[in-house]
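Report on the following structure.
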There are 2 protein chains.
Amino acid sequence: MAAERSGGGDPARTLALLWRTPQEPKPVGRKPKVSVDQIVTAAIAVADREGLGAMSMARVAQELGVGTMSLYTHVPGKAELIDLMADAVLQERDLVPEGTWRERVQHYADRTRAVYQAHPWMRDVSMVRPPLGPGLMDGQEFVLAALADSGLEPRQVTVAHVAVEGFVHGAAASEVDDQQLAATTGESGDSWWGARQVFWDDYFDVERYPAMTALWNAGAYDTEGTLAENMHRSWNYGLDRLLDGIEGGMR
Amino acid sequence: MAAERSGGGDPARTLALLWRTPQEPKPVGRKPKVSVDQIVTAAIAVADREGLGAMSMARVAQELGVGTMSLYTHVPGKAELIDLMADAVLQERDLVPEGTWRERVQHYADRTRAVYQAHPWMRDVSMVRPPLGPGLMDGQEFVLAALADSGLEPRQVTVAHVAVEGFVHGAAASEVDDQQLAATTGESGDSWWGARQVFWDDYFDVERYPAMTALWNAGAYDTEGTLAENMHRSWNYGLDRLLDGIEGGMR
DNA sequence: TATTGTTTCCGTATGGCCTACGGAAATGGG
DNA sequence: CCCATTTCCGTAGGCCATACGGAAACAATA
């Protein structure tokens, strides 16, 4: 399925929802059975358990014990609901501004990674046209403040920011991909690779792939630990090297 | 929509398709109206034009002038078809092993980026449980050979490999996200941001976001060029810094 | 209490998706 | 001409988002 995205709906309405612009309680009329917060919470719960693909309007309504169409009274549509979900979980990062600029970027990366771990469906939410809510904005402010303290020129800060942001979201996404697939398909990554043992037996050609063969023979793949642990190690390594490079590029 | 993925179908069947294991022509029986190659080509064409979300079995069959169910004679299901599509476009990279290890990694990144540019739907294809076909494998061999020439220890090569791979696919994905959304929603990135001018007017709080405000005032966002050009610049910067870091880490 | 205005709830219907099943159609050999 | 074999594909079941419009609930008023 393609990346889920914010609708072309009225931006003002979506922004009001993202920032929960308070509106005076209606004096007359039927009392609502559900609130926006309840809908968002229920939607996140469904997506956490069964993936974004299973998060249908009908499924969320069922979870709340209301009719499907009732949701549309509180939320413009599914795309906007996903925006609300994304911003809500980004708020869970709870960033504390302590330490050097580098430690703060690493903290930001760790917290963002934790969000993806807790909510693997974030992999499927595009951050190119992001939900302009408090969750996203607070995060941007945090990293930009850290990078601005690094000594980079203002113009360089914005460039470095895109690179860091890309790495963090990209790496977090690929790291949780595995879990998400395990959850939705019911097959773990290890089992999946195991079932493809046939590949190494029947298709891998040592003459066509000398570098891989050499690495294999050198024991480069004799690793302890699970697939997830190895990905995490690589994630830390990659971010460290990227920050090394940014630091070194200032001279 | 959630990431599209390979089915739990018979791995042997999928691998045979990926490597196009030749099978002796059937002596008897009805002649096929379409081939696997034709199906994959048509599916790629549809996805290129209208996104992976529009690439339905019915749509592909229509493109080929056959009934929907006829496709299932040649391809196990939609998930496997997506694997075949992904491996096919990865083969377009056509990697030439020239230059220093660093130039080769950069060449790999450029060619992979070109694939995403030409086929934006690749953003929606998970690379965690990748199609183990020639397109993927040749690419892996190419980068691993380059990294192995860098002087890193074998064990370090595999770690660096995951980091580079993550950066390349992640950055390429976020770079094409914008184009893909422009194509499927009919709204360009610039127009989308324009419609959200309201945000800066009504919601942005200079006291809550001092770092962003300072950068803005310092002219860090007074950039010429389009959104796409800026993303490309950041991509190059990020990869350079990552490779700087890898190079520096060897000492 | 009955009416009225307002708001929310939600059943129905439309048009899409994947794919299991099984019969029809085509083909070449005996 | 028959028949085994292979491919083609119509039907049907069970999902999805959401436009529309009427029913139901509620507060204020008469």
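Heavy atoms only: backbone and side chains are in, while hydrogens, waters and symmetry mates are out. Within every chain, numbering begins at 1; the chains are lettered A, B, ... in the order of the sequence lines, protein sequences first and strands thereafter. The shown structure was predicted, so the numbers you read here are calculated from the model rather than taken from an experiment.
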Proximity to the side chain of [X] - top-ranked nucleotide from [options]:
{"X": "Arg30(B)", "options": "dT19(C), dT18(D), dA24(C)", "result": "dA24(C)"}
{"X": "Lys33(A)", "options": "dC9(C), dG10(D), dA17(D)", "result": "dC9(C)"}
{"X": "Met69(B)", "options": "dC21(C), dC9(C), dT18(D)", "result": "dC21(C)"}
{"X": "Val66(B)", "options": "dT8(C), dC9(D), dC8(D)", "result": "dC9(D)"}

Atom-to-atom span, [atom1] of [X] to [atom2] of [N] - whole angstrom:
{"X": "Glu80(A)", "N": "dT18(D)", "atom1": "CD", "atom2": "C1'", "result": "12 Å"}
{"X": "Met55(B)", "N": "dG16(C)", "atom1": "CE", "atom2": "P", "result": "18 Å"}
{"X": "Lys31(B)", "N": "dA4(D)", "atom1": "NZ", "atom2": "P", "result": "19 Å"}
{"X": "Tyr72(A)", "N": "dG22(D)", "atom1": "OH", "atom2": "C1'", "result": "19 Å"}

Under a 4.0 Å threshold between the charged nitrogen and the carboxylate oxygen, would [Y] count as salt-bridged to [X]?
{"X": "Arg93(A)", "Y": "Asp138(A)", "value": "no"}
{"X": "Glu50(B)", "Y": "Arg59(B)", "value": "yes"}
{"X": "Glu229(B)", "Y": "Arg233(B)", "value": "no"}

Check: When all nucleic acid strands are considered with a 4.0 Å heavy-atom cut-off, which category describes Thr73(A): base, sugar-phosphate, or nothing?
Finding: base

Check: Using a cut-off of 4.0 Å on non-hydrogen atoms, how would the nucleic acid contact of Ser70(B) be classed: base, sugar-phosphate, or nothing?
Finding: base

Note to self: I want to confirm an ordering. Mapping Val34(B) and Val28(B) to their closest nucleotides on DNA chain D, which one lands closer to the 5' end?
What the structure shows: Val28(B)

Item checked: Contact nearer the 5' end of DNA chain C, comparing Gly29(B) with Ala58(B) -> Ala58(B)

Next item on the list: Assign the ring pair Tyr116(B) / His169(B) to parallel, tilted or perpendicular, where the plane angle (0 to 90°) is split at 30° and 60°.
Entry: perpendicular

